[in-house]
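So the structure is just underneath, and the comments pick up after that.
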Amino acid sequence: MSAEDKLGKGISRRSFIKGAVIGTAGIASASMLAGCSPKESGNQQSSAGENGAKKYSWETPPDPIPDSEIKETVEADVVVVGAGLSGLSAATRAAEEGAKVVVIEKGKSWTGRGGHFGVVESRVMREASIVNDKYQLAREWISRCGNRVREELVWLFMNQSGPAMDWFLDKAEAAGLKVGLLDSYYKGEIYREYPGTHMFFGGPMMKEGKEPGQDVSLVLYNEATKLGVTFYFETPAEQLVKEGDRVTGVIAKAADGYKKFKAAKGVILATGDIGGDKEMCEVFAPIALKSNGSQYTPVGQNTGDGHKMAMWVGASMEDAPFPTTIHPQAFAWLSYFFLFVNQEGKRFMNEDTWPQAKSIAAMNQPGKGPWAYSIFDSKWPEEVKASLPYGGSLFWDSMGRLIGQEWTPDADKKTIQKYVEEGKVGWMADTLEELAEKIEVPVDNFVATVKRYNELARAKKDVDFGKRPELLTTIEKPPFYALKFGGALLVVNGGVNVDNKLRVLDKNYKPIPGLYAVGNTAGGLYGVDYPTIIPGNSHGRALTWGYVAGKTVLEG
(Lines give C-alpha, C1' and ligand atoms only; values in the text may rest on other atoms or scores of the structure.)
Protein backbone atom coordinates (compact mmCIF):
# COMPACT_ATOMS: atom_id res chain seq x y z
CA MET A 1 0.00 0.00 0.00
CA SER A 2 1.38 3.41 -0.92
CA ALA A 3 1.79 6.32 1.49
CA GLU A 4 -1.20 7.98 -0.15
CA ASP A 5 -3.36 4.88 0.28
CA LYS A 6 -2.44 4.85 3.95
CA LEU A 7 -4.30 8.12 4.31
CA GLY A 8 -7.55 6.52 3.25
CA LYS A 9 -9.88 8.22 0.80
CA GLY A 10 -8.83 11.67 1.90
CA ILE A 11 -6.29 13.84 0.20
CA SER A 12 -2.65 14.05 1.17
CA ARG A 13 -0.65 17.07 2.25
CA ARG A 14 0.78 17.41 -1.24
CA SER A 15 -2.66 17.30 -2.83
CA PHE A 16 -3.98 20.00 -0.54
CA ILE A 17 -0.99 22.26 -1.17
CA LYS A 18 -1.26 21.67 -4.91
CA GLY A 19 -5.01 22.27 -4.76
CA ALA A 20 -4.54 25.52 -2.91
CA VAL A 21 -2.19 26.67 -5.63
CA ILE A 22 -4.30 25.71 -8.64
CA GLY A 23 -7.66 26.58 -7.11
CA THR A 24 -8.92 23.17 -6.07
CA ALA A 25 -8.69 21.28 -2.79
CA GLY A 26 -10.02 18.17 -1.17
CA ILE A 27 -10.36 16.29 2.04
CA ALA A 28 -7.76 14.93 4.46
CA SER A 29 -8.88 11.92 6.44
CA ALA A 30 -7.42 10.50 9.63
CA SER A 31 -9.13 7.15 9.27
CA MET A 32 -5.91 5.29 8.48
CA LEU A 33 -3.13 7.44 9.87
CA ALA A 34 -0.01 5.46 10.58
CA GLY A 35 3.09 5.84 12.69
CA CYS A 36 3.57 6.97 16.26
CA SER A 37 0.03 6.44 17.53
CA PRO A 38 -1.28 4.41 20.47
CA LYS A 39 -2.61 1.76 18.09
CA GLU A 40 0.76 1.13 16.48
CA SER A 41 2.93 -1.61 17.92
CA GLY A 42 6.23 0.12 17.13
CA ASN A 43 9.33 -1.36 18.71
CA GLN A 44 8.15 -3.36 21.71
CA GLN A 45 11.36 -5.05 22.80
CA SER A 46 11.75 -3.16 26.06
CA SER A 47 12.10 -5.13 29.27
CA ALA A 48 12.64 -4.65 32.98
CA GLY A 49 16.15 -3.73 34.00
CA GLU A 50 17.78 -3.41 37.40
CA ASN A 51 15.44 -2.56 40.28
CA GLY A 52 12.47 -3.04 37.95
CA ALA A 53 13.37 0.01 35.83
CA LYS A 54 12.23 -0.28 32.23
CA LYS A 55 15.04 -1.06 29.84
CA TYR A 56 14.65 -0.02 26.23
CA SER A 57 15.75 -2.01 23.24
CA TRP A 58 18.32 0.47 21.98
CA GLU A 59 20.13 0.66 25.33
CA THR A 60 21.93 -2.58 24.52
CA PRO A 61 24.10 -2.17 21.43
CA PRO A 62 23.95 -5.10 19.01
CA ASP A 63 26.90 -7.41 18.67
CA PRO A 64 29.36 -6.22 16.03
CA ILE A 65 28.81 -7.74 12.62
CA PRO A 66 31.88 -9.91 11.95
CA ASP A 67 34.06 -9.38 8.92
CA SER A 68 33.24 -12.92 7.81
CA GLU A 69 29.69 -11.78 7.01
CA ILE A 70 30.76 -8.79 4.91
CA LYS A 71 30.11 -9.59 1.26
CA GLU A 72 31.53 -6.36 -0.17
CA THR A 73 33.53 -3.36 0.99
CA VAL A 74 32.89 0.00 -0.66
CA GLU A 75 35.34 2.85 -0.15
CA ALA A 76 34.46 6.54 -0.31
CA ASP A 77 35.40 9.86 1.19
CA VAL A 78 31.90 10.50 2.52
CA VAL A 79 29.09 8.08 3.29
CA VAL A 80 25.62 9.61 3.67
CA VAL A 81 23.00 7.48 5.39
CA GLY A 82 19.59 8.47 4.06
CA ALA A 83 18.38 9.86 0.72
CA GLY A 84 15.85 12.40 1.94
CA LEU A 85 16.21 16.16 1.55
CA SER A 86 19.02 16.63 4.05
CA GLY A 87 20.96 13.61 2.84
CA LEU A 88 20.64 14.60 -0.81
CA SER A 89 21.72 18.12 0.03
CA ALA A 90 24.78 16.85 1.91
CA ALA A 91 25.75 14.40 -0.82
CA THR A 92 25.46 17.00 -3.56
CA ARG A 93 27.49 19.60 -1.69
CA ALA A 94 30.23 17.13 -0.74
CA ALA A 95 30.48 15.90 -4.33
CA GLU A 96 30.73 19.48 -5.58
CA GLU A 97 33.63 19.94 -3.19
CA GLY A 98 35.42 17.08 -4.92
CA ALA A 99 34.61 14.20 -2.58
CA LYS A 100 33.82 10.65 -3.60
CA VAL A 101 30.35 10.18 -2.10
CA VAL A 102 28.18 7.16 -1.46
CA VAL A 103 24.56 7.33 -0.27
CA ILE A 104 22.87 4.33 1.33
CA GLU A 105 19.10 4.31 1.75
CA LYS A 106 16.80 1.68 3.22
CA GLY A 107 13.89 2.62 0.96
CA LYS A 108 13.45 1.85 -2.70
CA SER A 109 14.30 5.38 -3.80
CA TRP A 110 15.09 8.91 -2.67
CA THR A 111 12.33 10.79 -0.85
CA GLY A 112 10.83 14.26 -0.71
CA ARG A 113 7.71 15.69 0.88
CA GLY A 114 5.71 18.82 1.57
CA GLY A 115 5.83 22.03 -0.36
CA HIS A 116 7.12 24.75 1.97
CA PHE A 117 10.83 25.55 2.34
CA GLY A 118 11.47 28.32 4.85
CA VAL A 119 14.74 30.23 5.10
CA VAL A 120 15.80 33.60 6.51
CA GLU A 121 16.88 35.17 3.23
CA SER A 122 17.52 34.47 -0.43
CA ARG A 123 18.15 36.27 -3.68
CA VAL A 124 14.48 35.82 -4.56
CA MET A 125 13.55 37.62 -1.35
CA ARG A 126 16.05 40.39 -1.99
CA GLU A 127 14.66 40.86 -5.49
CA ALA A 128 11.22 41.29 -3.88
CA SER A 129 12.67 43.78 -1.33
CA ILE A 130 11.89 41.40 1.54
CA VAL A 131 14.43 41.63 4.34
CA ASN A 132 14.18 39.91 7.71
CA ASP A 133 15.89 41.33 10.79
CA LYS A 134 18.07 38.38 11.82
CA TYR A 135 18.67 39.75 15.30
CA GLN A 136 14.97 40.12 16.06
CA LEU A 137 14.18 36.82 14.39
CA ALA A 138 16.83 34.99 16.43
CA ARG A 139 15.58 36.45 19.70
CA GLU A 140 12.01 35.46 18.95
CA TRP A 141 13.11 32.01 17.81
CA ILE A 142 15.01 31.36 21.03
CA SER A 143 12.18 32.68 23.19
CA ARG A 144 9.46 30.73 21.39
CA CYS A 145 11.49 27.54 21.82
CA GLY A 146 11.58 27.99 25.60
CA ASN A 147 15.28 28.90 25.62
CA ARG A 148 16.07 25.21 25.18
CA VAL A 149 17.82 25.61 21.84
CA ARG A 150 21.54 25.57 21.17
CA GLU A 151 21.93 29.20 20.17
CA GLU A 152 24.88 28.51 17.87
CA LEU A 153 22.52 26.37 15.79
CA VAL A 154 19.93 29.15 15.63
CA TRP A 155 22.61 31.46 14.31
CA LEU A 156 23.86 28.78 11.92
CA PHE A 157 20.38 28.81 10.42
CA MET A 158 20.23 32.61 10.44
CA ASN A 159 23.50 32.90 8.54
CA GLN A 160 23.56 29.81 6.31
CA SER A 161 19.96 29.20 5.24
CA GLY A 162 20.23 32.07 2.75
CA PRO A 163 23.37 30.78 1.04
CA ALA A 164 21.90 27.27 1.05
CA MET A 165 18.72 28.44 -0.66
CA ASP A 166 20.66 30.50 -3.22
CA TRP A 167 22.77 27.41 -3.92
CA PHE A 168 19.63 25.37 -4.50
CA LEU A 169 17.84 28.06 -6.50
CA ASP A 170 20.51 27.91 -9.19
CA LYS A 171 19.92 24.18 -9.56
CA ALA A 172 16.12 24.46 -9.39
CA GLU A 173 15.93 27.13 -12.06
CA ALA A 174 18.32 25.20 -14.31
CA ALA A 175 15.95 22.22 -13.94
CA GLY A 176 12.99 24.33 -15.01
CA LEU A 177 11.31 24.83 -11.62
CA LYS A 178 9.51 28.07 -10.89
CA VAL A 179 9.76 29.62 -7.42
CA GLY A 180 7.30 31.72 -5.47
CA LEU A 181 7.21 33.17 -1.95
CA LEU A 182 4.33 32.19 0.32
CA ASP A 183 2.19 35.00 1.70
CA SER A 184 0.28 32.71 4.09
CA TYR A 185 2.12 33.56 7.27
CA TYR A 186 0.78 34.91 10.55
CA LYS A 187 0.75 38.70 10.61
CA GLY A 188 -0.12 39.24 14.27
CA GLU A 189 2.28 40.50 16.92
CA ILE A 190 2.30 37.72 19.52
CA TYR A 191 2.68 34.61 17.34
CA ARG A 192 4.29 36.53 14.52
CA GLU A 193 5.67 34.65 11.56
CA TYR A 194 8.07 36.01 8.98
CA PRO A 195 8.32 35.77 5.18
CA GLY A 196 10.84 33.36 3.73
CA THR A 197 8.77 30.34 2.69
CA HIS A 198 9.73 29.26 -0.82
CA MET A 199 7.53 27.07 -3.02
CA PHE A 200 8.58 25.35 -6.23
CA PHE A 201 6.29 24.64 -9.17
CA GLY A 202 6.29 23.12 -12.62
CA GLY A 203 8.40 20.06 -11.94
CA PRO A 204 7.71 16.54 -13.18
CA MET A 205 6.66 15.25 -9.74
CA MET A 206 4.04 17.94 -9.30
CA LYS A 207 2.78 17.35 -12.84
CA GLU A 208 2.19 13.73 -11.82
CA GLY A 209 0.11 14.91 -8.87
CA LYS A 210 2.83 14.36 -6.29
CA GLU A 211 4.07 16.73 -3.61
CA PRO A 212 6.04 19.74 -4.86
CA GLY A 213 8.72 18.84 -2.32
CA GLN A 214 9.49 15.74 -4.33
CA ASP A 215 10.67 17.96 -7.17
CA VAL A 216 13.13 19.60 -4.79
CA SER A 217 14.61 16.23 -3.87
CA LEU A 218 14.59 15.13 -7.50
CA VAL A 219 16.67 18.14 -8.50
CA LEU A 220 19.27 17.28 -5.87
CA TYR A 221 19.23 13.58 -6.73
CA ASN A 222 19.81 14.30 -10.40
CA GLU A 223 22.56 16.76 -9.58
CA ALA A 224 24.25 14.28 -7.24
CA THR A 225 24.09 11.57 -9.88
CA LYS A 226 25.71 13.87 -12.44
CA LEU A 227 28.50 14.53 -9.94
CA GLY A 228 29.21 10.83 -9.61
CA VAL A 229 27.48 10.08 -6.32
CA THR A 230 26.67 6.38 -6.02
CA PHE A 231 23.33 5.37 -4.49
CA TYR A 232 22.58 2.06 -2.81
CA PHE A 233 18.82 1.68 -2.31
CA GLU A 234 17.10 -0.99 -0.22
CA THR A 235 20.28 -1.11 1.82
CA PRO A 236 19.43 -0.21 5.42
CA ALA A 237 22.29 0.81 7.67
CA GLU A 238 22.61 -1.28 10.82
CA GLN A 239 25.85 -0.28 12.55
CA LEU A 240 28.51 2.36 12.49
CA VAL A 241 32.12 1.25 12.31
CA LYS A 242 34.41 2.81 14.87
CA GLU A 243 38.18 2.50 15.01
CA GLY A 244 39.52 3.96 18.21
CA ASP A 245 37.66 7.22 18.78
CA ARG A 246 36.79 7.74 15.14
CA VAL A 247 33.79 6.61 13.12
CA THR A 248 35.18 5.22 9.90
CA GLY A 249 32.21 3.70 8.16
CA VAL A 250 28.82 2.01 8.13
CA ILE A 251 27.67 -1.57 7.76
CA ALA A 252 24.40 -1.97 5.87
CA LYS A 253 22.38 -4.97 4.79
CA ALA A 254 21.58 -5.34 1.10
CA ALA A 255 19.62 -8.11 -0.59
CA ASP A 256 22.84 -10.05 -1.21
CA GLY A 257 24.22 -9.62 2.30
CA TYR A 258 26.15 -7.15 4.41
CA LYS A 259 28.21 -4.39 2.84
CA LYS A 260 30.79 -2.27 4.63
CA PHE A 261 30.96 1.34 3.49
CA LYS A 262 34.25 2.91 4.51
CA ALA A 263 34.34 6.71 4.87
CA ALA A 264 37.77 8.31 4.78
CA LYS A 265 36.38 11.73 5.74
CA GLY A 266 33.18 11.02 7.58
CA VAL A 267 29.70 9.55 7.87
CA ILE A 268 26.66 11.84 7.70
CA LEU A 269 23.50 10.51 9.35
CA ALA A 270 20.38 11.71 7.54
CA THR A 271 17.95 8.99 8.57
CA GLY A 272 14.95 11.13 9.55
CA ASP A 273 13.10 11.18 12.84
CA ILE A 274 11.87 8.75 15.52
CA GLY A 275 8.13 9.17 14.92
CA GLY A 276 7.63 5.65 13.53
CA ASP A 277 9.05 3.98 16.64
CA LYS A 278 6.49 3.94 19.46
CA GLU A 279 9.08 2.94 22.03
CA MET A 280 11.32 5.89 21.21
CA CYS A 281 8.33 8.24 21.20
CA GLU A 282 7.37 6.95 24.64
CA VAL A 283 10.76 8.03 25.98
CA PHE A 284 11.65 11.09 23.94
CA ALA A 285 8.36 12.49 22.61
CA PRO A 286 5.34 11.20 24.55
CA ILE A 287 3.09 13.96 23.20
CA ALA A 288 3.41 12.33 19.79
CA LEU A 289 1.44 9.39 21.15
CA LYS A 290 -1.49 11.68 21.94
CA SER A 291 -1.90 12.87 18.36
CA ASN A 292 -4.39 11.54 15.83
CA GLY A 293 -1.68 9.41 14.26
CA SER A 294 1.11 10.25 11.83
CA GLN A 295 1.16 11.59 8.29
CA TYR A 296 4.87 10.95 7.78
CA THR A 297 5.90 9.64 4.39
CA PRO A 298 7.27 7.21 3.37
CA VAL A 299 5.25 5.34 5.96
CA GLY A 300 7.31 3.26 8.36
CA GLN A 301 10.77 4.50 7.43
CA ASN A 302 11.24 6.97 10.30
CA THR A 303 12.26 4.57 13.04
CA GLY A 304 15.16 6.46 14.59
CA ASP A 305 17.83 4.36 12.91
CA GLY A 306 20.47 7.08 12.94
CA HIS A 307 19.67 8.07 16.53
CA LYS A 308 20.23 4.50 17.71
CA MET A 309 23.43 3.95 15.76
CA ALA A 310 24.81 7.23 17.04
CA MET A 311 24.00 6.35 20.65
CA TRP A 312 25.76 3.00 20.24
CA VAL A 313 29.01 4.83 19.48
CA GLY A 314 28.65 7.28 22.37
CA ALA A 315 26.49 10.14 21.06
CA SER A 316 24.38 12.20 23.42
CA MET A 317 20.76 13.11 22.76
CA GLU A 318 19.20 16.51 23.32
CA ASP A 319 17.06 16.74 26.42
CA ALA A 320 13.61 15.18 26.29
CA PRO A 321 10.85 15.82 25.58
CA PHE A 322 11.74 16.35 21.96
CA PRO A 323 9.90 19.03 19.97
CA THR A 324 7.28 17.81 17.52
CA THR A 325 5.54 19.13 14.45
CA ILE A 326 1.86 18.45 15.10
CA HIS A 327 -0.34 20.37 12.68
CA PRO A 328 -4.16 20.56 12.79
CA GLN A 329 -4.67 18.53 9.64
CA ALA A 330 -5.79 15.12 10.86
CA PHE A 331 -9.38 15.79 9.71
CA ALA A 332 -10.39 19.08 8.04
CA TRP A 333 -7.49 21.11 6.69
CA LEU A 334 -9.28 24.37 7.48
CA SER A 335 -9.92 25.72 10.96
CA TYR A 336 -9.46 29.49 10.54
CA PHE A 337 -9.79 31.73 13.62
CA PHE A 338 -13.48 31.30 14.46
CA LEU A 339 -15.05 29.89 17.61
CA PHE A 340 -13.51 26.57 18.67
CA VAL A 341 -15.56 24.19 20.80
CA ASN A 342 -14.62 20.85 22.32
CA GLN A 343 -16.73 17.71 22.37
CA GLU A 344 -18.64 19.07 25.35
CA GLY A 345 -19.74 22.03 23.25
CA LYS A 346 -17.59 24.47 25.23
CA ARG A 347 -15.03 27.04 24.18
CA PHE A 348 -11.52 26.25 25.43
CA MET A 349 -8.94 28.67 23.97
CA ASN A 350 -8.10 31.90 22.19
CA GLU A 351 -8.53 30.86 18.58
CA ASP A 352 -6.25 33.67 17.35
CA THR A 353 -3.08 31.59 17.33
CA TRP A 354 -0.65 29.51 15.29
CA PRO A 355 -1.08 25.94 13.96
CA GLN A 356 0.79 24.10 16.70
CA ALA A 357 -1.25 25.74 19.45
CA LYS A 358 -4.53 24.68 17.84
CA SER A 359 -3.35 21.08 17.72
CA ILE A 360 -2.03 20.89 21.27
CA ALA A 361 -5.08 22.56 22.79
CA ALA A 362 -7.48 20.26 20.93
CA MET A 363 -5.46 17.22 22.00
CA ASN A 364 -5.92 18.17 25.65
CA GLN A 365 -9.72 18.29 25.60
CA PRO A 366 -12.15 15.67 26.93
CA GLY A 367 -14.05 13.42 24.57
CA LYS A 368 -13.76 10.40 22.33
CA GLY A 369 -10.47 11.53 20.82
CA PRO A 370 -8.03 14.43 20.45
CA TRP A 371 -10.09 16.73 18.24
CA ALA A 372 -12.35 19.80 18.36
CA TYR A 373 -14.58 21.86 16.06
CA SER A 374 -14.36 25.24 14.36
CA ILE A 375 -17.77 26.97 14.26
CA PHE A 376 -18.79 29.78 11.89
CA ASP A 377 -21.67 31.06 9.80
CA SER A 378 -22.35 32.02 6.20
CA LYS A 379 -20.40 35.28 6.52
CA TRP A 380 -17.13 33.36 6.63
CA PRO A 381 -15.75 34.36 3.19
CA GLU A 382 -15.71 38.08 3.91
CA GLU A 383 -14.64 37.50 7.51
CA VAL A 384 -11.65 35.38 6.53
CA LYS A 385 -10.54 37.95 3.97
CA ALA A 386 -10.85 40.76 6.54
CA SER A 387 -8.85 38.75 9.08
CA LEU A 388 -5.70 38.17 7.03
CA PRO A 389 -3.99 41.50 7.82
CA TYR A 390 -4.25 40.53 11.49
CA GLY A 391 -3.50 36.81 11.42
CA GLY A 392 -3.38 34.14 8.77
CA SER A 393 -0.90 31.26 8.43
CA LEU A 394 -1.49 27.63 7.53
CA PHE A 395 -4.99 26.17 7.93
CA TRP A 396 -6.34 29.73 8.13
CA ASP A 397 -5.04 31.31 4.95
CA SER A 398 -4.41 29.31 1.79
CA MET A 399 -1.62 26.73 1.86
CA GLY A 400 -0.30 28.09 -1.42
CA ARG A 401 -1.16 31.78 -1.76
CA LEU A 402 1.95 33.59 -2.96
CA ILE A 403 3.05 37.14 -2.35
CA GLY A 404 1.26 39.29 -4.91
CA GLN A 405 -1.82 37.04 -5.05
CA GLU A 406 -5.10 38.12 -3.47
CA TRP A 407 -6.98 35.66 -1.26
CA THR A 408 -10.27 34.48 -2.69
CA PRO A 409 -12.74 32.02 -1.13
CA ASP A 410 -13.13 29.87 -4.24
CA ALA A 411 -10.84 26.98 -3.26
CA ASP A 412 -12.06 26.96 0.34
CA LYS A 413 -15.69 26.94 -0.79
CA LYS A 414 -15.05 23.80 -2.81
CA THR A 415 -13.22 22.21 0.08
CA ILE A 416 -15.93 22.99 2.62
CA GLN A 417 -18.65 21.83 0.23
CA LYS A 418 -16.81 18.53 -0.17
CA TYR A 419 -16.45 18.20 3.60
CA VAL A 420 -20.18 18.77 4.07
CA GLU A 421 -21.15 16.35 1.30
CA GLU A 422 -19.09 13.59 2.86
CA GLY A 423 -20.30 14.40 6.38
CA LYS A 424 -17.18 13.12 8.14
CA VAL A 425 -15.20 16.25 8.98
CA GLY A 426 -17.58 19.04 7.95
CA TRP A 427 -21.25 19.82 8.59
CA MET A 428 -23.79 22.51 7.76
CA ALA A 429 -27.16 23.26 9.40
CA ASP A 430 -29.83 25.92 9.40
CA THR A 431 -30.00 26.09 13.21
CA LEU A 432 -27.44 25.87 15.98
CA GLU A 433 -29.40 23.07 17.60
CA GLU A 434 -29.28 21.00 14.45
CA LEU A 435 -25.54 21.64 14.05
CA ALA A 436 -24.90 20.53 17.63
CA GLU A 437 -26.74 17.30 16.99
CA LYS A 438 -24.77 16.64 13.81
CA ILE A 439 -21.42 17.00 15.56
CA GLU A 440 -22.72 15.11 18.60
CA VAL A 441 -22.10 17.72 21.29
CA PRO A 442 -24.55 18.66 24.07
CA VAL A 443 -27.07 21.02 22.49
CA ASP A 444 -27.60 23.21 25.56
CA ASN A 445 -23.88 23.70 26.11
CA PHE A 446 -23.28 24.45 22.45
CA VAL A 447 -26.07 27.00 22.09
CA ALA A 448 -25.00 28.72 25.32
CA THR A 449 -21.39 28.84 24.13
CA VAL A 450 -22.35 30.45 20.82
CA LYS A 451 -24.61 32.94 22.62
CA ARG A 452 -21.78 33.92 24.95
CA TYR A 453 -19.34 34.23 22.07
CA ASN A 454 -21.75 36.49 20.17
CA GLU A 455 -22.04 38.73 23.21
CA LEU A 456 -18.25 39.08 23.36
CA ALA A 457 -18.08 39.71 19.62
CA ARG A 458 -20.66 42.48 19.76
CA ALA A 459 -18.89 44.06 22.71
CA LYS A 460 -15.55 43.70 20.88
CA LYS A 461 -13.96 42.61 24.14
CA ASP A 462 -13.13 38.98 24.81
CA VAL A 463 -12.93 38.90 28.60
CA ASP A 464 -12.98 35.08 28.55
CA PHE A 465 -9.91 34.30 26.44
CA GLY A 466 -8.49 37.61 25.19
CA LYS A 467 -8.96 37.34 21.45
CA ARG A 468 -8.19 40.59 19.63
CA PRO A 469 -11.32 42.60 18.80
CA GLU A 470 -10.50 42.64 15.08
CA LEU A 471 -11.00 38.88 15.05
CA LEU A 472 -14.23 38.67 17.02
CA THR A 473 -17.06 37.87 14.61
CA THR A 474 -20.62 36.83 15.37
CA ILE A 475 -22.17 33.47 14.52
CA GLU A 476 -25.74 34.41 13.69
CA LYS A 477 -26.39 34.20 9.95
CA PRO A 478 -27.40 30.72 8.76
CA PRO A 479 -26.40 28.34 7.45
CA PHE A 480 -24.01 27.45 10.25
CA TYR A 481 -20.87 25.36 9.76
CA ALA A 482 -18.67 23.06 11.82
CA LEU A 483 -15.30 21.68 10.78
CA LYS A 484 -13.60 18.93 12.77
CA PHE A 485 -9.89 19.50 13.31
CA GLY A 486 -7.17 17.77 15.26
CA GLY A 487 -3.42 17.40 15.40
CA ALA A 488 -1.60 14.97 13.11
CA LEU A 489 2.02 14.16 13.79
CA LEU A 490 4.23 15.14 10.88
CA VAL A 491 7.63 14.65 12.45
CA VAL A 492 9.54 14.56 15.72
CA ASN A 493 12.15 17.30 15.38
CA GLY A 494 14.63 16.10 17.99
CA GLY A 495 17.82 14.14 17.87
CA VAL A 496 21.48 13.82 18.71
CA ASN A 497 23.43 16.81 19.92
CA VAL A 498 25.52 18.50 17.24
CA ASP A 499 27.76 21.55 17.06
CA ASN A 500 27.68 24.29 14.44
CA LYS A 501 29.63 22.09 12.03
CA LEU A 502 26.97 19.39 12.45
CA ARG A 503 29.48 17.11 14.17
CA VAL A 504 27.79 14.68 16.53
CA LEU A 505 28.65 15.30 20.18
CA ASP A 506 29.34 12.77 22.90
CA LYS A 507 28.12 12.95 26.51
CA ASN A 508 30.82 15.50 27.28
CA TYR A 509 29.67 17.62 24.33
CA LYS A 510 32.87 16.85 22.45
CA PRO A 511 32.74 15.95 18.73
CA ILE A 512 32.90 12.27 17.81
CA PRO A 513 35.47 12.29 15.00
CA GLY A 514 34.06 11.29 11.65
CA LEU A 515 30.37 11.47 12.58
CA TYR A 516 27.85 14.11 11.46
CA ALA A 517 24.07 14.41 11.65
CA VAL A 518 21.62 16.47 9.62
CA GLY A 519 17.87 16.95 9.26
CA ASN A 520 15.70 15.42 11.96
CA THR A 521 18.50 13.13 13.11
CA ALA A 522 20.13 16.23 14.56
CA GLY A 523 18.69 18.04 17.56
CA GLY A 524 19.13 21.36 19.27
CA LEU A 525 17.32 23.80 17.00
CA TYR A 526 13.74 23.70 18.25
CA GLY A 527 13.65 23.23 22.01
CA VAL A 528 10.13 22.54 23.26
CA ASP A 529 8.11 22.84 20.08
CA TYR A 530 8.47 23.31 16.35
CA PRO A 531 8.11 27.06 15.71
CA THR A 532 6.45 28.06 12.46
CA ILE A 533 8.23 31.37 12.83
CA ILE A 534 9.01 30.93 9.12
CA PRO A 535 6.57 28.34 7.78
CA GLY A 536 8.43 25.36 6.35
CA ASN A 537 11.66 26.08 8.21
CA SER A 538 12.04 22.35 9.00
CA HIS A 539 12.55 21.72 5.29
CA GLY A 540 14.72 24.82 5.10
CA ARG A 541 16.78 23.44 7.97
CA ALA A 542 17.15 20.07 6.21
CA LEU A 543 18.42 21.79 3.08
CA THR A 544 20.73 24.02 5.11
CA TRP A 545 22.15 21.36 7.41
CA GLY A 546 22.97 19.17 4.41
CA TYR A 547 24.55 22.12 2.63
CA VAL A 548 26.72 22.88 5.68
CA ALA A 549 27.68 19.30 6.55
CA GLY A 550 28.56 18.52 2.95
CA LYS A 551 31.39 21.03 3.31
CA THR A 552 32.41 20.64 6.95
CA VAL A 553 32.73 16.85 6.66
CA LEU A 554 35.70 17.44 4.36
CA GLU A 555 37.34 19.84 6.79
CA GLY A 556 37.56 17.39 9.65
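All values below were derived from every heavy atom in this structure, side-chain atoms included, with hydrogens, water molecules and symmetry-related copies excluded.
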Original post:
Side chain of Glu72, backbone of Gly257: donor and acceptor closer than 3.5 Å?
Top reply: no
Below 4.5 Å, heavy atoms only, C-beta onward: do [X] and [Y] meet side chain to side chain?
X	Y	answer
Leu515	Leu269	yes
Val250	Lys260	no
Lys187	Leu388	no
Leu489	Thr324	yes
Thr552	Arg503	no
Asn537	Val119	no
Thr248	Lys242	no
Asn493	Phe322	no

Verify the neighbour count for atom [atom1] of [X]: are there more than 12 heavy atoms of other residues, nucleotides or ligands below 6.0 Å?
X	atom1	answer
Glu189	CD	no
Ile190	CD1	no
Lys253	NZ	no
Glu243	CD	no
Glu59	CD	yes
Lys265	NZ	no

Any luck finding a side-chain donor-acceptor pair between [X] and [Y] under 3.5 Å?
X	Y	value
Thr521	His307	no
Arg541	Asn520	yes
Lys134	Asn159	yes
Thr303	Asp277	no
Glu140	Tyr194	yes
Glu279	Trp58	no
Glu318	Asn497	no
Ser316	Asp506	no
Thr532	Glu193	yes
Gln301	Tyr296	no

Please give me the minimum heavy-atom distance between [X] and [Y], naming the atom from each residue.
X	Y	value
Ala237	Met309	CB-CE, 3.7 Å
Pro323	Gly527	CD-O, 3.1 Å
Asp305	Thr271	C-OG1, 4.1 Å
Ala252	Phe261	CB-CE1, 3.9 Å
Gln405	Gly400	OE1-O, 3.9 Å

Spacing of [atom1] belonging to [X] relative to [atom2] belonging to [Y], to within rounding of 0.5 Å:
X	Y	atom1	atom2	answer
Ser335	Gln329	OG	CD	10.5 Å
Leu153	Gln160	CG	CD	12.5 Å
Glu211	Thr297	CD	OG1	5.0 Å
Met399	His116	CE	NE2	5.0 Å
Gln214	Met206	CD	CE	11.5 Å

Original post:
Quick one: do Lys510 and Asp245 make a salt bridge, cutoff under 4.0 Å?
Top reply: no
Subject >> Salt bridge present between Asp183 and Arg401 (N-O < 4.0 angstrom) >> reply: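 Result for this pair is yes, salt bridge flagged.
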Please work out whether the ring planes of [X] and [Y] are parallel, tilted or perpendicular, with thresholds of 30° and 60°.
X	Y	result
Tyr530	His327	tilted
Phe157	Trp141	tilted
Tyr186	Tyr191	perpendicular

Test of ring centre spacing under 6.0 Å for [X] and [Y]:
X	Y	value
Trp155	Tyr135	yes
His198	Phe117	no
Tyr221	Phe231	yes

